[in-house]
Amino acid sequence: MPTVQDLRQNAGDQPITMLTAYDAPTAAIVDRAGIDVILVGDSMGNAVLGYDSTLPVTTEEVESHTAAVARATNDALVVADMPFLSVGVDRAESVEHCGRMLKEADADAVKLESGPHTVDLTDHLTNMGIPVMAHLGLTPQHVNQLGGYSRQGTTTAAAERILELAREHEEAGAFSLVLEHVPANVAAQVTEAIDIPTIGIGAGPDTDGQVLVLTDVFGLSERSPPFSAQFGDVRAEMEAAVDAYRNAVESGEFPADEHSHVKSDIEDIY
Ligand code: KIV
């Protein structure tokens, strides 16, 4: 299993592969495929919990889904994504919430949507033994402040701010950095400027690794962002299976003899 130290040391060698997962069966598929990192993303809000955004996702939901993923994972590094307002409001509460992901859900690290407010917290968590993956660029928990899910770092000043925050989080002890929806040349420059690995989503080919949301990759999402890519059509397979089941029940083909058992010594009951 790659450790956070392996990820740090191997930055720039073989690209790091990261995917989200939210439950045991899909985590097992991702893990057996040799993906390096499984992120139990707060994207579960849209991907599997039926919300319109990630904002309603709770610490308890991330903890429970992280525990399911960790139980099914042997090799990948499991990272729990801290949901909206679970960190940053109060330091002791932030540590407690992050600590629960390692102590009770068996995560290996946490991810924080990052900004000026997470620099000191990253330092503190790291000192407490909780490895932190930082996240800059588009941070979807700020959707109301940003006015949507638009590209970030698109002016020189904004790109410089991302670079400055990347350096500050590296200095604070973050072991890696997710860069979301930023120009490829900005992501390339940030990757060049810091020593910890960058993992891009909508950030071009020059980061140290790539991450996508599993339901987008599977072809199960109702909607996916423009920078995502679909590598399968699981929705079509699921629809076909459900149709086949309904037809089999309605036609009386299911259950067949092999799905039923008869106890012949039971007399008629009244
Ligand atoms: O929640 C999530 O899945 C994420 C990734 C898109 C990086 O934060």
Side-chain angles (χ1 to χ4, degrees), residues 7 15-23 26-27 30 35-59 61-66 68-69 76-88 97-98 101 105 107 109-115 118 122 132-143 146 148-153 162 166 169 174-182 187 190-191 196-204 207-218 220-231:
L7 283 193
I16 297 165
T17 52
M18 176 158 112
L19 276 176
T20 67
Y22 316 104
D23 59 42
T26 53
V30 172
I35 294 295
D36 299 311
V37 185
I38 299 182
L39 173 67
V40 189
D42 67 346
S43 52
M44 70 175 69
N46 314 72
V48 297
L49 297 179
Y51 297 128
D52 283 340
S53 75
T54 59
L55 302 191
V57 175
T58 65
T59 305
E61 283 167 337
V62 172
E63 185 181 345
S64 160
H65 286 265
T66 299
V69 165
L77 190 83
V78 174
V79 180
D81 199 10
M82 299 311 295
F84 184 49
L85 300 184
S86 66
V87 294
H97 289 160
C98 293
M101 299 302 165
V110 297
K111 176 170 84 59
L112 309 187
E113 286 197 10
S114 310
T118 55
T122 298
V132 174
M133 175 180 277
H135 179 166
L136 293 169
L138 174 61
T139 46
Q141 291 170 15
H142 282 77
V143 59
L146 298 171
Y149 297 101
S150 51
R151 272 188 204 97
Q152 301 298 309
I162 290 174
H169 282 82
F175 74 91
S176 62
L177 168 67
V178 169
L179 285 170
E180 178 164 355
H181 212 9
V182 296
V190 173
T191 302
I196 56 172
T198 57
I199 302 178
I201 173 162
T207 49
D208 295 305
Q210 296 291 328
V211 55
L212 283 177
V213 167
L214 189 63
T215 46
D216 295 342
V217 169
F218 275 178
L220 191 56
S221 303
E222 293 276 356
R223 278 187 309 273
S224 24
F227 50 75
S228 193
Q230 186 178 328
F231 292 84

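Each ligand, and each atom within it, is numbered from 1 in the order the structure gives. Numbering of residues begins at 1 and proceeds along the displayed sequence. Basis for what follows: all heavy atoms, side chains included, without hydrogens, waters or symmetry-related copies.
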Original post:
Does the side chain of S43 come under 3.5 Å of the side chain of N46 through a donor N or O and an acceptor N or O?
Top reply: no
Original post:
Between L136 and S114, what is the shortest heavy-atom contact and its length?
Top reply: CD2-O, 3.6 Å
Subject >> For G41, the ligand 1 atoms whose distance to one of its heavy atoms is below 4.0 Å >> reply: 1 (O), 2 (C), 3 (O)
Original post:
Where's the contact between T54 and ligand 1, heavy-atom distance under 4.0 Å: side chain, backbone, both or neither?
Top reply: neither
Original post:
In terms of side-chain heavy atoms, does T20 have a donor or acceptor partner in Y22 at a distance below 3.5 Å?
Top reply: yes
Original post:
Tell me, which protein residue and heavy-atom name are nearest atom 5 (C) of ligand 1, and how many Å apart are they?
Top reply: L39 CD2, 3.7 Å
**OP:** Tell me yes or no: between the side chains of E180 and H135, is some donor less than 3.5 Å from an acceptor?
**Re:** yes
Subject >> Proximal atoms of ligand 1 relative to D42 (non-hydrogen, under 4.0 Å) >> reply: 1 (O)
Original post:
Have Q230 and D216 got a donor and an acceptor in their side chains that come within less than 3.5 Å?
Top reply: no
Subject >> Sub-3.5 Å N/O-N/O distance, Y22 and ligand 1 >> reply: no
Original post:
Any idea which protein heavy atom is nearest atom 3 (O) of ligand 1, and the distance to it?
Top reply: S43 OG, 2.5 Å
Original post:
Can T207 and T198 be counted as having a side-chain donor-acceptor contact under 3.5 angstrom?
Top reply: no
Original post:
So, for Q210 and I199, which heavy atoms are closest and what is the spacing to 0.1 Å?
Top reply: C-CG2, 3.7 Å
Original post:
Any idea which atoms of ligand 1 are less than 4.0 Å away from a heavy-atom of T20?
Top reply: 3 (O)
**OP:** Quick one: look up the protein heavy atom nearest atom 6 (C) of ligand 1 and list residue, atom name and how far away it is.
**Re:** I201 CD1, 3.6 Å
**OP:** Would you confirm whether the ring centroid of F227 sits within less than 6.0 angstrom of the ring centroid of H181?
**Re:** yes
Original post:
Any N or O of K111 that comes nearer than 3.5 Å to an N or O of ligand 1?
Top reply: yes
**OP:** Considering the heavy atoms of H135, write down every atom of ligand 1 situated less than 4.0 Å from one of them.
**Re:** 8 (O)
Subject >> Contact check: E180 vs ligand 1, nitrogen or oxygen atoms, below 3.5 angstrom >> reply: no
